[in-house]
Amino acid sequence: MLDPAFIRKFPDVVRKGFADKGESGELDWYLQLDKDHRAVLTEKEQVAARQNQLSKLIGMKTGKGEDSTPERAEADGLKAALKLLEERDSVLKQDKLRIQMRMPNLAADDVPVGKTPEDNTVAATWGEKPTFDFTPKPHWEIGAGLGAFHAETAGKISGAGFSLMTGPLAQLERALWNYMLDLHTREHGYTEVAVPYMVKEHALEGCGQLPKFEPEMYRMKDDDLFLIPTAEVPLTNIHRQEILAGERLPIRYCAFSPCFRREAGAAGRDTRGLIRMHQFHKVELMVYTTPEDGDAEQMRIRTNAEAVLRNLKLPYRVLLLCTGDMSVNSRRTWDLELWAPGVGAWLEVSSISTFGDFQARRSGIRFKRAGKTEYVHTLNGSGVALPRLVIAILENYQRADGSVVVPDVLRPCGPPAALGPLRGLMKPTLRVPPCGQLRRSRPGRCVVARTRFESA
RNA sequence: GGAGAGAUGGCUGAGCGGUCGAAAGCGCCGCAUUGCUAAUGCGGUGUGGGGGUUAAACCCCACCUCGGGUUCGAAUCCCGAUCUCUCCGCCA
């Protein structure tokens, strides 16, 4: 939500900002409503002030045992007019608010103006794309080769857009989120939060997911709850309607959570493999800070998220999104994209945004310093999203024999040095091999899991 | 699922038709005092909106969870919603 006083004072700046994002923001309608509303407000307040005067007078006279008939008569006469004005006030206020909640945020000055992803700029690249003396496979083939990726089984249970991973892949994913949480909490100063995965409507409104992205949301109709599309939602709502002590800032949270997205506009896109899922896991970073520290904190989140990718030695690039490609709520967004040689594409694993006071206004999150109350700035970024991270590891670290080297930093989290093909898995029945354990097949048993250990 | 209790300012907690935006305490800010730390005394200290001003001062309206109602007048009475807590039952 934008500052109403700012909209009123600088309508042309706002109009330009909306246009850059490819939105009208219904600005002209809003400005007209605002004008009408203030006229009604002035009138209403005058009548209310008179009524308050009379009521006090009646109270005093009654206390002294004096007659207050004329005052009562006048006050009585005011009632109908006041009620009418109050109704108009409330209607106009609601109309204004509805538009305000749909208005996009204004982009920061350093964000390139543009319409499509082609207008994004590459802010940084890191690492070298790996070279192979064989044709690198896409992750679904690698996963299937490991006997650990089961698209059909997931489809049988939940339909398209869901994944089911067993043994080494399930373990790899778990090791990754463990690793990321440890890194962010121990080295980057975030407080880990275990959040609810279902939230109320107002929580989504506060972040800006609603009303705009309602088609993207899974909703529990009977309970009027939504499945979270990201842990940003519960994290940003932790301090909803609070006035924080200034010295508490910045507050840095991280959380692991599943994320649920209907992907309503993306049907038929990225249907194979793990690239686009209705449900996926993610470690999220979220910061509340002061207006002047907002930009530095955004860079800090970026550095923290990049640390994950660097430590895993995965090639990536950083995009500064243009006005037209970034989220309507954001002031500035960097995307981290991992290189996936198997599918031959850059995959977004983190979107690092600063919202300025946009979310804070919607959610009523303020702080107090030197006797003044101000809105906080909120920021977040993934640190990072899991399925695409798994993809990048499989595809970057694959070897000709179908095995996959596991990055060193994950070793303390459980996985072996390499993930090797599992053999003897009975199909179509799913048998889950023990995680990363070297286990010899036993005669007479149908479950055989042999994970080959090979030095990298 | 059944029964009950409650929701007041940054926090704790009074008030239960009229000078109540709301006692008191804590916290916070300022001043005074004080070898240091600590303590003490005095004063101040909510939020949003509209008007006003170069900026203030100032004026007005609203806000005691939210939404309705009764009344000249509601934190206070009535109805509804939401949330929290306690007990019983059921259950991972």
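Lettering of chains follows the sequences in order, A, B, ..., and the numbering in each one begins at 1. Below, all heavy atoms of this structure are taken into account, side chains as well, without hydrogens, waters or symmetry copies.
At a threshold of 4.5 Å between non-hydrogen side-chain atoms, the residues A:Leu285 and A:Asn380 do not count as touching.
Pairing for B:rA38 is absent, judged as Watson-Crick or G-U wobble with the two contacts each under 3.5 Å. B:rC91: no Watson-Crick or G-U partner with both key distances under 3.5 Å is found in any strand. In this structure, B:rG27 forms a base pair with B:rU45, meeting either the Watson-Crick or the G-U wobble geometry with both donor-acceptor distances under 3.5 Å. The partner of B:rA3 is B:rU86, judged by Watson-Crick or G-U wobble contacts that both fall below 3.5 Å. Across all strands shown, B:rU33 has no partner, as no Watson-Crick or G-U wobble contact with both distances under 3.5 Å is found. Base-pair partner of B:rA75: not found among the strands shown (Watson-Crick or G-U wobble, both distances under 3.5 Å). If you check B:rA14 for Watson-Crick or wobble pairing at under 3.5 angstrom, you find it has no partner at all. Taking a pair to require two hydrogen-bonding distances under 3.5 Å in either a Watson-Crick or a G-U wobble arrangement, B:rU54 remains unpaired.
Between A:Glu43 atom CD and B:rG49 atom C1' the separation is 17 Å, expressed in whole Å. A:Gln241 has its CD atom 12 Å from the P atom of B:rG48, to the nearest Å. The nearest whole Å value for the distance from the CE atom in A:Met60 to the P atom in B:rG17 is 21 Å. At whole-Å resolution of the value, CD in A:Glu242 and P in B:rG9 are 13 Å apart. Distance A:Arg240 CZ to B:rC83 P: 13 Å, rounded to the nearest Å. Atom-to-atom, CD of A:Glu201 to P of B:rU82 comes out at 14 Å; the value is rounded to the nearest Å. B:rG48 atom P lies 18 Å from atom CG of A:Asp89, rounded to whole Å. Spacing between atom CE of A:Met198 and atom P of B:rC83 amounts to 14 Å, rounded to whole angstrom units.
Counting only N and O atoms by type, the side chains of A:Thr166 and A:His150 include a donor and acceptor under 3.5 Å apart.
Side chain of A:Ser55 to main chain of A:Gln51: a donor-acceptor pair is present (N/O by atom type, distance under 3.5 Å, no hydrogens or angles). A donor-acceptor contact shorter than 3.5 Å is absent between the side chain of A:Ser363 and the backbone of A:Ala360.
With both ends at atom C1', the span from B:rA22 to B:rG46 equals 11 Å, rounded to whole Å. Nucleotides B:rC77 and B:rG18 place their C1' atoms 14 Å apart, quoted to the nearest Å. Comparing B:rU47 with B:rG9, their P atoms sit 13 Å apart, to the nearest whole Å. Rounded to a whole angstrom, the distance from the P atom of B:rC59 to that of B:rU53 is 16 Å. Of the C1' atoms belonging to B:rG21 and B:rC64, the separation is 9 Å, rounded to the nearest Å. Here the separation of B:rA92 from B:rU82, taken at their P atoms, is 28 Å to the nearest Å. For B:rU40 and B:rC26, the P atoms lie 9 Å apart once the distance is rounded to whole Å. Taking atom C1' in both B:rC16 and B:rG6, the straight-line distance is 15 Å, to the nearest Å.
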* Asked: Passes side-chain hydrogen bond (donor to acceptor under 3.5 Å, both in side chains), A:Arg50 versus A:Gln53? Steps please.
  -> CA-CA 5 Å; A:Arg50 179 62 185 156; A:Gln53 261 179 7; 2.8 Å; yes
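A salt bridge does not link A:Asp36 to A:Arg88: none of the charged nitrogens lies less than 4.0 Å from a carboxylate oxygen.
At the heavy-atom level, A:Ser68 lies nowhere under 4.0 Å from the strands shown. At a threshold of 4.0 angstrom between heavy atoms, the contacts of A:Lys200 are confined to the sugar-phosphate backbone, with no base atom among them.
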* For nucleotides 57-81 of chain B, just jot down a letter per nucleotide in 5' to 3' order: B, S or -, based on protein non-hydrogen atoms under 4.0 Å. => ---BBS------S--BS--------
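Taking the side chain to side chain contact (heavy atoms under 4.5 Å, CB included) definition, one finds that A:Arg388 meets it with A:Ile275, A:Arg276, A:Leu347, A:Glu348, A:Val349, A:Ile391, sequence neighbours left out. With sequence neighbours excluded, no residue forms a salt bridge (Lys or Arg N to Asp or Glu O under 4.0 Å) with A:Glu242.
Look at A:Thr373 and you'll find a side-chain N or O under 4.0 angstrom from OP1 or OP2 of B:rU47. The phosphate of B:rG51 (OP1 or OP2) has a side-chain N or O of A:Arg38 nearer than 4.0 angstrom.
The CG atom of A:Asp325 sits 11.0 Å away from the NZ atom of A:Lys21 when rounded to the nearest 0.5 Å.
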